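To start, the structure under review is shown below, and the notes come after it.
One-based numbering, in listed order, for ligands and for the atoms of each. Only this structure's heavy atoms are used, side chains among them; waters, hydrogens and symmetry mates stay out. Keep in mind that what you see is a predicted model, and the values were worked out from it rather than measured.
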Amino acid sequence: MNPKEFPQIEACFSPRDFYLYEEDFEVVVVIDVLRATSAICAAIENGVEGIIPVSTVEDARAYLEKGYIAAAEREGKIVEGFTLGNSPYSYLGENIKGKTVVLTTTNGTKALKMVEHKETVVVGSLNNLDALVSWIVKRGENTMLLASGWKDKFNLEDTICAGAILEGVLSSKAFRSNEDSSIAALFLAKSARDNQFAFLKSSSHRIRLRNLNLNADVKYCLTPNNLSAIPILKDGVLISQEKFDKAVKAENGGKSNGEDKVGLKTF
Ligand code: MLT
């Protein structure tokens with residue numbers, strides 16, 4: 001294939017810039033390393049049935065009142081009236097397996113809701129880095145790596161994660177990347193590679209979480225490849241890739257979608 005025809009992968013630094021890129025990309029990877037998307041990956045890997053992202057605390061409260069398990073975080077803290085927030089450790093217990101959880105967070109779920117109209121929306125973190133890279137390469141579609149940032153501002157940890165994903169995908173030599181944002185993300189990821197924890201020492205959200213005594217969460221979220229789950233959005237619910245594949249197959253009358261785009265396509 002002519003390299004110009006390769007699928008494209010790019011990093012977008014903020015949800016506010018998403019509209020500049022969005023029409024060229026079928027797949028959107030939403031990244032919120034500290035902590036929303038890391039917690040979602042941990043939950044799905046641990047057997048949580050599904051996560052329903054919602055934009056507002058009011059939406060989450062409405063679900064809570066209907067008897068759902070609902071979690072809400074703002075400014076790094078669990079919102080009053082809720083017992084769950086977005087610490088990955090809240091989603092690792094036996095009690096939560098098989099359950100569906102409604103989740104709202106300051107940035108991560110906001111980004112997820114913003115892109116939910118796109119063809120394919122998946123969740124990225126450092127925790128599921130290698131699994132996600134393989135999935136993107138197999139899928140072979142134009143892919144946007146969307147950093148959730150902090151209240152629409154650039155943040156380091158999501159950009160580093162986008163850069164690490166870019167590095168892995170581009171090493172397949174089956175994708176192209178043109179944007180300066182992607183070049184910058186790659187540089188940052190390379191600089192941070194040997195010690196993300198130290199590299200992010202001064203990052204604003206790391207400091208915010210440290211002040212809330214949440215260093216253990218930060219350590220978890222900055223641990224690359226301790227998970228392999230790839231949460232995918234289906235009808236407003238994030239589910240595991242395996243469940244997604246099964247559901248798509250069932251909808252197609254037992255046939256995988258286009259020779260199983262998610263699982264079997266190879267280069
Ligand atoms: C978010 O979605 O903004 C984050 O997960 C915030 C946090 O770490 O609590």
Side-chain angles (χ1 to χ4, degrees), residues 12-18 28-46 48 51-61 63 69-92 96 101-116 121-129 145-162 196-197 199-223 227 229 231 233 236 238:
C12 172
F13 287 163
S14 158
R16 212 174 44 174
D17 295 341
F18 182 65
V28 180
V29 179
V30 175
I31 302 166
D32 185 0
V33 168
L34 298 176
R35 298 165 288 169
T37 59
S38 308
I40 292 169
C41 291
I44 294 297
E45 177 120 355
N46 184 43
V48 168
I51 304 269
I52 304 176
V54 296
S55 304
T56 66
V57 171
E58 291 67 39
D59 291 343
R61 218 183 292 282
Y63 275 101
I69 301 173
E73 167 276 335
R74 286 296 179 271
E75 308 289 330
K77 298 181 204 134
I78 298 178
V79 176
E80 216 183 302
F82 292 82
T83 49
L84 273 180
N86 60 350
S87 166
Y89 288 106
S90 305
Y91 299 95
L92 297 180
I96 202 112
V101 179
V102 175
L103 176 66
T104 185
T105 71
T106 311
N107 305 287
T109 57
K110 189 182 129 204
L112 281 160
K113 291 303 283 179
M114 196 185 85
V115 305
E116 69 181 354
V121 176
V122 301
V123 169
S125 65
L126 289 168
N127 307 116
N128 68 347
L129 179 63
L145 306 171
L146 175 62
S148 299
W150 181 260
K151 298 185 181 176
D152 282 342
K153 290 181 184 161
F154 174 92
N155 86 16
L156 267 179
E157 63 274 11
D158 296 347
T159 309
I160 285 170
C161 181
Q196 272 136 359
F197 204 73
F199 191 88
L200 291 169
K201 209 159 95 189
S202 317
S203 83
S204 55
H205 196 45
R206 166 118 195 253
I207 291 171
R208 193 176 292 111
L209 294 176
R210 191 195 300 138
N211 291 341
L212 294 167
N213 284 326
L214 292 169
N215 258 345
D217 281 13
V218 175
K219 277 200 178 129
Y220 185 95
C221 297
L222 298 186
T223 305
L227 302 172
L233 200 60
L238 289 160

Indicate whether any N or O donor in one side chain lies under 3.5 Å from an N or O acceptor in the other, for [X] and [Y].
X      : Y      : answer
Ser125 : Arg35  : no
Ser14  : Asp17  : no
Ser148 : Asp158 : no

> Closest non-hydrogen protein atom to atom 3 (O) of ligand 1, residue and atom name please, with distance?
Replying inline: Asn107 ND2, 2.6 Å

> Which residue supplies the protein heavy atom nearest to atom 9 (O) of ligand 1, what is that atom called, and how far is it?
Replying inline: Arg35 NH2, 2.6 Å

Any idea which part of [X] is under 4.0 Å from ligand 1, heavy-atom wise: side chain, backbone, both or neither?
X      : value
Asn86  : side chain
Glu73  : side chain
His205 : side chain

Side-chain donor/acceptor of [X] to backbone N/O of [Y], under 3.5 Å:
X      : Y      : value
Asp217 : Ala39  : no
Thr223 : Lys219 : yes
Glu73  : Glu75  : yes

Close-contact set for ligand 1 against [X] heavy atoms, below 4.0 Å:
X      : result
Thr106 : 1 (C), 2 (O), 3 (O)
Asp32  : 1 (C), 2 (O), 3 (O), 4 (C), 5 (O)
Leu34  : 4 (C), 5 (O), 6 (C), 7 (C), 8 (O)
Ala36  : 2 (O), 5 (O)

> Which residues pass the side-chain hydrogen bond (donor to acceptor under 3.5 Å, both in side chains) test with Arg16, sequence neighbours left out?
Replying inline: none

